[in-house]
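Lettering of chains follows the sequences in order, A, B, ..., and the numbering in each one begins at 1.
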2 protein chains.
Amino acid sequence: MEAKTLLKEHIAKTVSLTEEEFDYFFSHFKSLSFKKGQTIISAGDKVDCEYFVISGCLKAFYINDEIKMYILQFAMPTWWTSDYNALYNQTPAAINVDCITDAEVLCLSNSDREKLCAEFHQVEHFFRWRTNKGYIASQKRLLSFMNNNVKIRYEELLALYPQLYNLVPKHLIAAYLGVSRETLSRLYNS
Amino acid sequence: MEAKTLLKEHIAKTVSLTEEEFDYFFSHFKSLSFKKGQTIISAGDKVDCEYFVISGCLKAFYINDEIKMYILQFAMPTWWTSDYNALYNQTPAAINVDCITDAEVLCLSNSDREKLCAEFHQVEHFFRWRTNKGYIASQKRLLSFMNNNVKIRYEELLALYPQLYNLVPKHLIAAYLGVSRETLSRLYNS
DNA sequence: TTGGTTACGTGATGTAGATCACATTCTTAT
DNA sequence: ATAAGAATGTGATCTACATCACGTAACCAA
C-alpha cells in the first residue's frame with residue numbers, strides 16, 4: 001500500500017481529519033528507504049525524528065558492553081519507533097534502530113510533531129492515544145517478564161506476532177525474550 | 001500541602017491553565033482517604049477512575065496464581081496510578097492497587113478525563129506528556145530488567161527513590177525487583 | 001565453485017536466584 | 001501486657017538458564 005494511504009488509514013482509526021488537514025499533516029513527513037542491515041539510529045547519535053514503518057521490519061535494540069543485545073521492539077508496518085527518551089529529552093541515543101529487512105519508513109521530526117500537536121487538537125489526541133497504547137503494551141511486557149518463564153514468553157510472542165517466526169532469525173527472537181539463543185533453541189526443539 | 005494546590009502545581013509544570021480553567025478541571029476530581037492496607041482496585045473489578053496521590057504511598061501489583069506478587073509501581077505524592085489497561089479498554093482489572101500507608105488521593109473518572117481532554121486542548125497536552133513520561137520510564141525499567149542483575153536493579157531503585165528504603169517493607173521492594181525476599185535480604189547483608 | 005560469514009543445534013559445566021525450612025524480631029490488636 | 005501475625009535473616013538444596021565449546025548447514029560474494 002502507498003505510504004500516504006497507510007498513514008491516513010492508521011490515523012483514521014483514532015481521529016478524523018479533513019482531507020486538507022491530513023494533507024498538511026502528511027506534508028511534514030519525509031519518506032526514506034533503507035536496505036536490509038542499514039542503521040537508522042546509532043547509540044550516541046542526536047535523535048531528531050520518530051519513524052512510521054510503511055514496509056519491512058526494524059528492530060530497536062540496546063547493546064550492553066558491546067556484547068549482548070536486547071531488543072526492545074520489532075517495528076512492523078504501521079508501527080512507530082524511535083529512541084523516545086533521547087527524542088523527548090534531547091539526550092544522545094542509548095538505543096539503536098536498524099533494518100532486519102529492506103524497509104520504507106516515514107520520518108517525522110520532534111519539532112514538527114510538537115508543532116502539529118499544538119496546531120491541531122485532533123493530532124494531539126492521536127498521539128496521546130498512540131502513547132497510551134505503547135505504555136499499556138510496555139507494562140504488559142514488563143509483567144510477563146517478571147511473571148513468566150522463557151517458554152511462556154516465547155509462546156506469547158508467537159501468538160501475538162505469528163509473522164515474526166518466519167521473518168526474523170531466531171537469535172533476534174532470543175534477544176527480544178532476553179534469553180540466550182542456545183536456550184531458545186533447546187526450548188522449541190522439545 | 002492541600003490537594004488542590006498540589007495538583008495545580010503538578011499541572012503547571014506542563015501546561016498553563018487560567019484560574020477558572022483549573023477550577024473547572026479540579027471540580028471533576030473526587031477526594032478520597034484510605035487507611036493503611038485498604039484496597040483501591042481489586043483484580044476483577046470494573047475500573048472507572050485513575051488516581052492522583054496527594055499523600056501516602058500506594059502499590060499497584062499483580063498476583064500470580066494467588067501466590068506470588070509482582071509490584072508494577074509504587075505511587076507516591078504527585079504520581080498517577082490505575083489499571084490503565086482495564087481503564088482504557090473497559091476490561092476487568094488484572095492488577096490490584098492498595099495502600100502501603102494511610103493515603104489521600106484524588107480520583108478522576110475515565111469519562112471525565114476524556115471529556116476534559118476534548119474540552120481543553122491544554123488538558124489533552126498534559127495527559128499526552130504524562131503518558132509519554134510513563135512510557136519512557138516503563139521502557140527503561142524493562143531494559144534494566146533484561147540487562148541488569150538484582151543487585152544493580154536494587155541500587156538503581158534506591159538511587160531513584162531513596163525514600164522507599166524507610167517507607168516500604170523489604171519484601172515489597174523484592175516484589176518490585178521481581179526477586180525473592182530471601183535473595184534481596186542476602187544481597188544487602190553483604 | 002569456493003571460501004567466508006551468519007545461523008543454528010547440542011553437549012558439558014557453571015551460577016544466580018528460587019524454594020523450603022526454621023529461627024528471630026518487630027507490629028498490631030485486644 | 002500478651003498473644004498473634006507480619007517482617008526479616010540465614011542455611012541447605014534445587015533448577016532454569018548462561019556460558020563455553022564445537023559441529024553442521026545455509027547463504028552470500030568474488
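Taking side-chain N and O atoms only, B:Lys170 has no distance below 4.0 Å to OP1 or OP2 of D:dG9. Between B:His171 and D:dA6, a side-chain N or O to OP1/OP2 separation shorter than 4.0 Å is absent. Side-chain N/O atoms of A:Ser180 include none lying less than 4.0 angstrom from OP1 or OP2 on D:dC17. For C:dT10, the OP1/OP2 oxygens have a side-chain nitrogen or oxygen of A:Asn189 closer than 4.0 Å. Dashed line: the shortest gap from a side-chain N or O of A:Thr183 to OP1 or OP2 of D:dC17 is not under 4.0 Å. Close to D:dT8, at under 4.0 Å from its OP1 or OP2, lies no side-chain N or O of B:Tyr188.
The side chain of B:Arg181 lies closest to D:dT8, out of D:dT8, C:dT28, C:dG9. When each of C:dG17, C:dT19, D:dC17 is scored by its nearest atom to the side-chain atoms of A:Val179, the top-ranked nucleotide is D:dC17. Comparing atom distances between the B:Arg186 side chain and each of D:dG11, D:dA18, C:dG9 picks out D:dG11 as nearest. You'll find that the side chain of A:Lys36 is closest to D:dC28, out of C:dT19, C:dG11, D:dC28.
Across all strands, B:Gly178 comes closer than 4.0 Å only to sugar-phosphate atoms, never to a base (heavy-atom distances). Residue A:Lys151 is classed as having no contact, given no heavy-atom separation below 4.0 Å to the nucleic acid.
Between the side chain of A:Glu182 and the base of D:dC17 there is no donor-acceptor pair of N/O atoms closer than 3.5 Å.
Dense packing is recorded around NZ of B:Lys115, with more than 12 heavy atoms of other residues, nucleotides or ligands lying under 6.0 Å away.
Using a 4.0 Å cut-off between charged nitrogen and carboxylate oxygen, A:Arg128 and B:Glu114 count as a salt-bridge pair. Between A:Lys140 and A:Glu156 there is no salt bridge, since no side-chain nitrogen of the basic residue lies less than 4.0 Å from a carboxylate oxygen of the acidic one.
Using a 30° and 60° split on the angle between ring planes, A:Phe127 and A:Trp80 fall in the perpendicular class, above 60°.
Between A:Met146 atom CE and C:dA18 atom P there is a gap of 13 Å when expressed in whole angstrom units. Atom pair B:Ile173:CD1 and D:dT8:P shows a separation of 9 Å (rounding to whole Å applied). The nearest whole Å value for the distance from the CZ atom in A:Phe145 to the P atom in D:dC17 is 11 Å.
Of the options A:Phe52, A:Tyr161, A:Tyr51, a ring-ring contact (aromatic ring centres under 6.0 Å, His included) to A:Trp79 is made by A:Tyr161 and by none of the others.
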